[in-house]
Participant: 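Structure in structure tokens, see below.
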Protein chains: 2
Amino acid sequence: MGMVSTRTYGQFCGFARAVEIVGERWAMLLVRDLLVGPKRFGELQRGLPKIPTNILTARLKELEAAGIVRRRASTQPGGGVLYELTPSGEELEPAVLALGRWGAKNVLDAPRPDEIVTNDSMIMALRTTFQPKNAKGVHASYELRMGPVVIHARIGNGKIETGAGPLPDADLIIDAGPALKSVMTGEISPREAIANKSVHIIGDPALFDRFAELFKI
Amino acid sequence: MGMVSTRTYGQFCGFARAVEIVGERWAMLLVRDLLVGPKRFGELQRGLPKIPTNILTARLKELEAAGIVRRRASTQPGGGVLYELTPSGEELEPAVLALGRWGAKNVLDAPRPDEIVTNDSMIMALRTTFQPKNAKGVHASYELRMGPVVIHARIGNGKIETGAGPLPDADLIIDAGPALKSVMTGEISPREAIANKSVHIIGDPALFDRFAELFKI
DNA sequence: CTGGATCCTCAACGATACTG
DNA sequence: CAGTATCGTTGAGGATCCAG
């Protein structure tokens, strides 16, 4: 059994205690995906294909014991269990966004072989890079495609709403590869990205200019 | 040898990449202490008494390889090496503060047996809980003592400056134990804490009321 | 004395097979 | 679908030793 002495840092400190819990391997990734919405065991597994099932089980139990995650009976057919964040777990969002911002800016270079993009990682990337200051008075909706991943976002009242899947009435559809990152960092202009075909859009190019204002790394 | 496949999450995502680096055991604690200031190997070791030396060496090398930490020759007697954050490393501060806030509020209960408080953990705790909104027009300086740990803070222009050691001309000296946390969460009032002797102050009690406004969990 | 390197042990992780 | 069980591998913990 896990003795108390392991996995602790021995400091009476909020930060150290936080890291003891969410610093475990895979834990923060689970929180990231659950920030997008409640999920079942299998959905979590599909969103994190490389996590072993026993580790997924162990982490969920630990996060539950820490009051970050709770199990709820699904109201859907066949029942089953849903994992969702508690209010305390939801409060991790600022930390997740801050780390995501840092990572996108400082350590995200080119995709490595076999690296994937998932619905939830894309959705959180949008939330991470969203610039409320540039969203004043903006009302727009986007569908974003990256390979098999399709998500969408609506901007209104200076806020963002995100979701998985297509958005039939989207103002603009953006079909992009990793080059989208270069647009978000400002390395290349939106028009350039369209011109050299590293990004393909369906809709008004001006809306893609707007997109580059709304989401910055 | 450590193949590339270990310790990665296989996702092209800023957040996942960040966690691959700073999610390693001890890594975030090292960043926390280095955010306070550059340090030598032995100082880092004393600030994190439970870290094995080989792990400290390994983490410093990894953080250096990731561009977060750099080594600098000390200008002090005998030379020696100083470890300090790079600009990229400094940019981790928002994430560290966000995690610290979450931990202080959600998972920091009572001190566990053998848990210690260090200079750097106290300093970062002050920075974490500092409320700029309540510091408008405030000009005050505090010396804070917790057992053997003595640090200080100066508030001015809505900003905070922190440092290790005493502050001879401090407006107020606060000598407290873990009960200080209860004051910062609002569980007990500053005056109560003084009355029941869980906090001892040298100076005007009104300045301790002010302290409780400036630092909140 | 600082700044490590080396060794061994054991707990945690990773891969996969299996079960209610 | 939602986990357990098993087992090999990797990294952390702890003590000791070495070089400048």
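Each chain gets a letter, A, B and so on, in the order its sequence line appears, and its residues count up from 1.
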Participant: Taking the side chain of B/Arg59 as heavy atoms from C-beta outward, which of D/dG3, C/dG4, D/dG11 is closest to it?
Facilitator: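 So the nucleotide nearest the side chain must be D/dG11.
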Participant: Are A/Lys50 and B/Glu20 close enough for a salt bridge, meaning some N to O gap below 4.0 Å?
Facilitator: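 Salt bridge between A/Lys50 and B/Glu20, a charged N being under 4.0 Å from a carboxylate O: no.
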Participant: Between A/Lys61 and A/Arg46, which is nearer to the 5' end of DNA chain D once each is assigned its nearest nucleotide?
Facilitator: A/Arg46
Participant: Give the rounded distance in Å between these two atoms: CG of A/Leu30 and P of C/dC13.
Facilitator: 12 Å
Participant: Tell whether A/Thr57 reaches the base of D/dT4 with its side chain through a donor-acceptor pair below 3.5 angstrom.
Facilitator: no
Participant: NA contact type, A/Gln45, heavy-atom cut-off 4.0 Å: base, sugar-phosphate, or nothing?
Facilitator: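 No contact at all - A/Gln45 keeps every heavy atom at 4.0 Å or more from the nucleic acid.
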Participant: Would one find a side-chain N or O of B/Arg25 under 4.0 angstrom from OP1 or OP2 of D/dG13?
Facilitator: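 B/Arg25 to D/dG13 OP1/OP2: side-chain N or O found under 4.0 Å.
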Participant: Please determine whether a side-chain nitrogen of the Lys or Arg among A/Arg59 and A/Glu62 lies less than 4.0 Å from a carboxylate oxygen of the Asp or Glu.
Facilitator: yes
Participant: Is any side-chain N or O of B/Tyr83 closer than 4.0 Å to OP1 or OP2 of C/dG4?
Facilitator: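 So the side-chain polar atoms of B/Tyr83 do come within 4.0 Å of the phosphate oxygens OP1 or OP2 of C/dG4, strictly under.
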Participant: Taking atom C1' of D/dA12 as reference, at what distance in whole Å does atom CD1 of B/Ile51 sit?
Facilitator: 10 Å
Participant: Within the 3.5 Å criterion, strictly below it, is a donor on B/Asp120 or B/Thr118 matched to an acceptor on the partner's side chain?
Facilitator: no
Participant: Could you state the CD1-P distance from A/Ile55 to C/dA17, rounded to the nearest angstrom?
Facilitator: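 Taking CD1 of A/Ile55 and P of C/dA17, I get 17 Å after rounding.
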Participant: In whole Å, I'd like the distance from the CG atom of B/Leu48 to the P atom of D/dA12.
Facilitator: 14 Å
Participant: For the residue pair A/Arg71 and A/Phe41, would you count it as a cation-pi contact if the rule is NZ or CZ under 6.0 angstrom from the ring centre and within 45 degrees of the ring axis?
Facilitator: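 Not satisfied by the 6.0 Å and 45° rule.
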Participant: Please tell me if A/Arg7 has a side-chain N or O lying less than 4.0 Å from either OP1 or OP2 of C/dC10.
Facilitator: no
Participant: Which sits closer to the 5' end of DNA chain D, B/Pro52 or A/Asn54, going by the nucleotide each is nearest to?
Facilitator: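 Closer to the 5' end of DNA chain D: A/Asn54.
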Participant: Using OP1 and OP2 only, check whether a side-chain N or O of B/Arg40 sits under 4.0 Å from C/dG3.
Facilitator: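 Yes, such a contact exists.
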Participant: Which part of the nucleic acid, if any, lies within reach of B/Glu43 when heavy atoms closer than 4.0 Å are counted: base, sugar-phosphate only, or nothing?
Facilitator: nothing
Participant: Rounded to the Å, how far apart are B/Arg72 CZ and C/dG3 C1'?
Facilitator: 17 Å
Participant: Expressed in angstrom and rounded to an integer, what is the separation of A/Lys50 atom NZ from C/dG14 atom C1'?
Facilitator: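 So the NZ-C1' distance, A/Lys50 to C/dG14, works out to 10 Å.
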Participant: Without decimals, in angstroms, what is the distance between B/Arg71 CZ and C/dG4 C1'?
Facilitator: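 Between C1' of C/dG4 and CZ of B/Arg71: 10 Å.
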Participant: Side chains of A/Met124 and A/Thr162: does their closest heavy-atom pair fall under 4.5 Å?
Facilitator: no
Participant: Select one nucleotide: of C/dC13, C/dA5, D/dA12, the one nearest the side-chain heavy atoms of B/Thr53.
Facilitator: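 Among C/dC13, C/dA5, D/dA12, the one nearest the side chain of B/Thr53 is C/dA5.
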Participant: Using whole Å, report how far OH of A/Tyr9 lies from P of D/dA12.
Facilitator: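 Between P of D/dA12 and OH of A/Tyr9: 10 Å.
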